[in-house]
Amino acid sequence: MRQVMVAGNWKMNGSSDSVKELMAGIKEGMAAVTKAEVVVCPPAVYIPRVSGAADGSAIKVGSQNICDEDKGAFTGEISADMLKDTGCEYAIIGHSERRALYGETDELVAKRFAAARRNGIKPIFCIGETLEERESGVTNDVCSRQIDAVIALEGVEALADGVIAYEPVWAIGTGKVATPEQAQDVHAFIRGKIAALNAEVAEGVRILYGGSMNPGNAKELIGQADIDGGLIGGASLKAEDFLAICQAAE
Ligand code: 13P
């Protein structure tokens, strides 16, 4: 049985005060969340603060990226060891905003995945197609290519050490959520692709959906056979909404 997971990607939002308030709100509501694994991914500068606030609760902390190198002259980057040192268990890798706005290629994303893995951080590995790609019918090809980059570098077994997040780019921050059928189709494709290489990995790996998930649509999306939770952007910035999604996931 795959444990359902709800992860909040706060992106570049928040301040010392708002982070404190948001964490207090989530912590307070956690008593009602008994089945879902709950992760929050704050901007890097707030990770120590958020880890401190999460202490004594079941809330886990993740980063929004991770350096592909372990140490040294990589200005502006943050290593896996530093993330572990400040309380991270997870790291989002290959988010479409990183790919589209900061030029992260499939190969670099795979190297970041490898760095997380060799240092004991669990990757939340993001994949997904743009609107143009969906309209030209290459959704599965794009997801396949993105996954293949990791498989080529680390082998299919590596996927068992992380979580996959299918995030159609056209659904991110747009309010245009994929229908449960659209999402399930791609999730089933991803699991099937992995199963062709290793059935055990495919059965165990969690595949989250991300893209305009909210308290109103979470239950139906997460209710699909191959959708094991959500990676939430906008709705993770309000404790009430985030908690409502965690509960819907149960
Ligand atoms: P939204 O939930 O705001 O659409 O963002 C999804 C996302 O990008 C999570 O990583």
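- Applying the side-chain contact (heavy atoms from CB on, under 4.5 Å) criterion to Leu22, with sequence neighbours excluded, gives Trp10, Ile26, Ala239.
- For Asp185 (side chain) and Gln182 (main-chain N/O), no donor-acceptor pair under 3.5 Å exists by modelled atom type.
- Applying the side-chain contact (heavy atoms from CB on, under 4.5 Å) rule to Arg118 yields the partners Asp70, Ala114, Ala115; only residues at least two apart in sequence or on another chain are considered.
- Cluster annotation: Ile78 and Leu108 are assigned to distinct hydrophobic clusters (Ile/Leu/Val/Met/Phe/Trp/Tyr, side-chain heavy-atom contacts under 4.5 Å, transitive).
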Does Glu69 form a salt bridge (charged side-chain N to carboxylate O under 4.0 Å, His left out) with Lys111? I'd like the steps, not just the answer. CA-CA 8 Å; Glu69 300 283 350; Lys111 283 166 77 181; 5.1 Å; no
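- Crowding of Lys27 atom NZ: a count of heavy atoms from other residues, nucleotides or ligands under 6.0 Å exceeding 12.
- A 4.5 Å side-chain heavy-atom check between Ile127 and Arg99 finds at least one atom pair inside the cut-off.
- With hydrogens and angles disregarded, a donor-acceptor distance shorter than 3.5 Å links the side chain of Ser212 to the backbone of Ala171.
- Under a hydrophobic-cluster definition in which Ile, Leu, Val, Met, Phe, Trp and Tyr are linked whenever side-chain heavy atoms come within less than 4.5 Å, directly or via other members, Leu243 and Val4 are assigned to the same cluster.
- With hydrophobic clusters built from ILVMFWY side chains whose heavy atoms lie under 4.5 angstrom apart, Leu159 shares a cluster with Tyr166.
- Residue Asp228 is tested with Arg2, Lys35, Arg206 for a salt bridge (Lys or Arg N to Asp or Glu O under 4.0 Å); the sole match is Arg2.
- Using a 4.5 Å heavy-atom threshold, the side chains of Ile66 and Ile93 count as touching.
- When the shell of 6.0 Å around NZ of Lys238 is examined, it contains 12 or fewer heavy atoms from other residues, nucleotides or ligands.
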